[in-house]
J.: 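For reference, the structure I am asking about is given below.
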Amino acid sequence: MIRPLPNKDLKNKPIGVFDSGLGGLTVVNQLIRQLPRESIIYFGDTARVPYGSKSPDTVRKFAVQLTRFLQAQGVKFIVVACNTVSSVAMEKILEIATVPVLGVIEPGANAALSASHNRRIGIIGTTATVSAGKYQEVLTSMDADTVVFSRACPLFVPLVEEGWIDSEVTEMVARIYLEPLMKSGIDTLILGCTHYPIIKDIIRKTVDLSVTIVDSAIQTAREVRRLLSDKQLLNDSEKTPEYRYYVSDFPQKFEEVARRLLGQPLENVRRISLDDCL
Ligand code: DGL
């Protein structure tokens, strides 16, 4: 029989975070700021990124593997730091989860509703996220008067994964994607993909100044803090937190972009075979 760990032991376990690649590091960045005593284990599925152009069934299969992998590492809580997975695979993940799990859609939707005055909200995300319409569903269930305008921006993820974070090419792509969205009169724009905060400066330049940009990573980290506190799972040890990063393919690019994003080199990046996640 598997006996659940008493809270006292669970508290000091790491938080597990996963994403299709390096985008979820935007959530890790916020978790480190808002929960500096928590250890984190991150998995970036760099061998199979992007998820956003794959079918829901495939994404669900990957999500189950990564959830199992993190659970096998003994995490106390899982953050699904990928909008695509949060849009299409949460039910599947909850079926197999043995620890609390949080996706990024509800925190982002909440933040957008608090920011919006005219209830015209824009969402940009991967093709899979936009087709799933989860943001739309959650936003209109929270406030039926909300009108949602969405736009898939599939080129952003490969540009970010390649490290083209301040390139003119990325600026041009952003203009092509975002200018039509500006005509819809939105006052709030949700960055519905964890890769997008990495190019937030470019997105900021492209959208009207009056538009509030919602980075769901910030809101997600806040929600993790609230849930851990409610469940009495906040780490109370004096030990220095540990951060471990796993990727499923070459770690070099991941390390390079991560260094720029987190402002320090990552020491513990390990490449593991996907067979270990099965
Ligand atoms: N970063 C992920 C998201 O938030 C997915 C990007 C991708 O793999 O296409 O949707």
Side-chain angles (χ1 to χ4, degrees), residues 16-31 42-67 78-90 92-93 101-109 111-112 122-136 138 150-165 170 173-174 177 189-200 203 213-221 223-224 245-249 253-254 257-258 261 274 277:
V17 182
F18 75 83
D19 180 51
S20 58
L22 55 82
L25 290 173
T26 56
V27 177
V28 170
N29 194 16
Q30 288 301 325
L31 287 171
Y42 181 87
F43 191 102
D45 196 0
T46 50
R48 304 191 291 199
V49 68
Y51 282 10
S53 50
K54 298 193 169 66
S55 70
D57 276 350
T58 301
V59 174
R60 281 194 274 271
K61 195 176 85 192
F62 295 167
V64 165
Q65 290 175 342
L66 303 190
T67 304
I78 292 179
V79 184
V80 179
C82 175
N83 290 260
T84 307
V85 175
S86 301
S87 291
V88 305
M90 282 311 276
K92 199 77 205 161
I93 292 173
V101 181
L102 179 71
V104 284
I105 308 285
E106 276 81 6
I123 294 158
I124 50 173
T126 65
T127 306
T129 297
V130 168
S131 317
K134 199 74 193 168
Y135 270 109
Q136 186 146 357
V138 171
S150 36
R151 172 96 209 216
C153 305
L155 288 175
F156 281 164
V157 170
L159 286 166
V160 170
E161 290 281 329
E162 277 302 312
W164 290 34
I165 292 167
T170 311
V173 171
Y177 281 145
L189 177 68
I190 302 178
L191 304 184
C193 173
T194 44
H195 283 70
Y196 299 176
I198 299 175
I199 48 165
K200 193 170 171 183
I203 295 173
I213 295 180
V214 171
D215 171 351
S216 45
I218 298 174
Q219 204 60 29
T220 301
E223 189 59 10
V224 175
Y245 301 89
Y246 292 95
V247 288
S248 49
D249 212 330
K253 204 63 155 190
F254 180 87
V257 179
L261 180 69
L274 288 169
C277 316

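All values derive from a computational prediction rather than experimental measurement. One-based numbering, in listed order, for ligands and for the atoms of each.
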J.: Quiz question: by atom type and distance under 3.5 Å, do the side chains of T58 and S55 form a donor-acceptor pair?
T.: yes
J.: Using a 3.5 Å cut-off on N/O to N/O, what pairs does ligand 1 make with the protein? A line per pair would be great.
T.:
| unit_1 | atom_1 | unit_2 | atom_2 | d |
| --- | --- | --- | --- | --- |
| ligand 1 | 1 (N) | D19 | OD1 | 3.1 |
| ligand 1 | 1 (N) | T194 | OG1 | 2.8 |
| ligand 1 | 1 (N) | H195 | ND1 | 2.7 |
| ligand 1 | 4 (O) | N83 | N | 2.8 |
| ligand 1 | 4 (O) | N83 | ND2 | 3.1 |
| ligand 1 | 4 (O) | T194 | N | 2.8 |
| ligand 1 | 4 (O) | T194 | OG1 | 3.1 |
| ligand 1 | 8 (O) | S20 | OG | 2.6 |
| ligand 1 | 8 (O) | Y51 | N | 2.6 |
| ligand 1 | 9 (O) | Y51 | N | 3.3 |
| ligand 1 | 9 (O) | G52 | N | 2.8 |
| ligand 1 | 10 (O) | N83 | N | 3.4 |
| ligand 1 | 10 (O) | T84 | N | 3.1 |
| ligand 1 | 10 (O) | T84 | OG1 | 2.7 |

J.: With sequence neighbours excluded, what pairs up with Y246 under the ring-ring contact (aromatic ring centres under 6.0 Å, His included) test?
T.: F69
J.: List for me each residue that meets ring-ring contact (aromatic ring centres under 6.0 Å, His included) alongside F156, sequence neighbours excluded, and say none if there are none.
T.: Y177, Y196
J.: Scan P50, S248, C82 and name whichever one has a side chain to side chain contact (heavy atoms under 4.5 Å, CB included) with D45.
T.: S248
J.: Scan side-chain atoms only and decide if N83 and T129 contain a donor-acceptor pair under the 3.5 Å cut-off.
T.: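 No, no side-chain donor-acceptor pair sits under 3.5 Å.
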J.: With Q136, which residues qualify under side-chain hydrogen bond (donor to acceptor under 3.5 Å, both in side chains), at least two apart?
T.: none
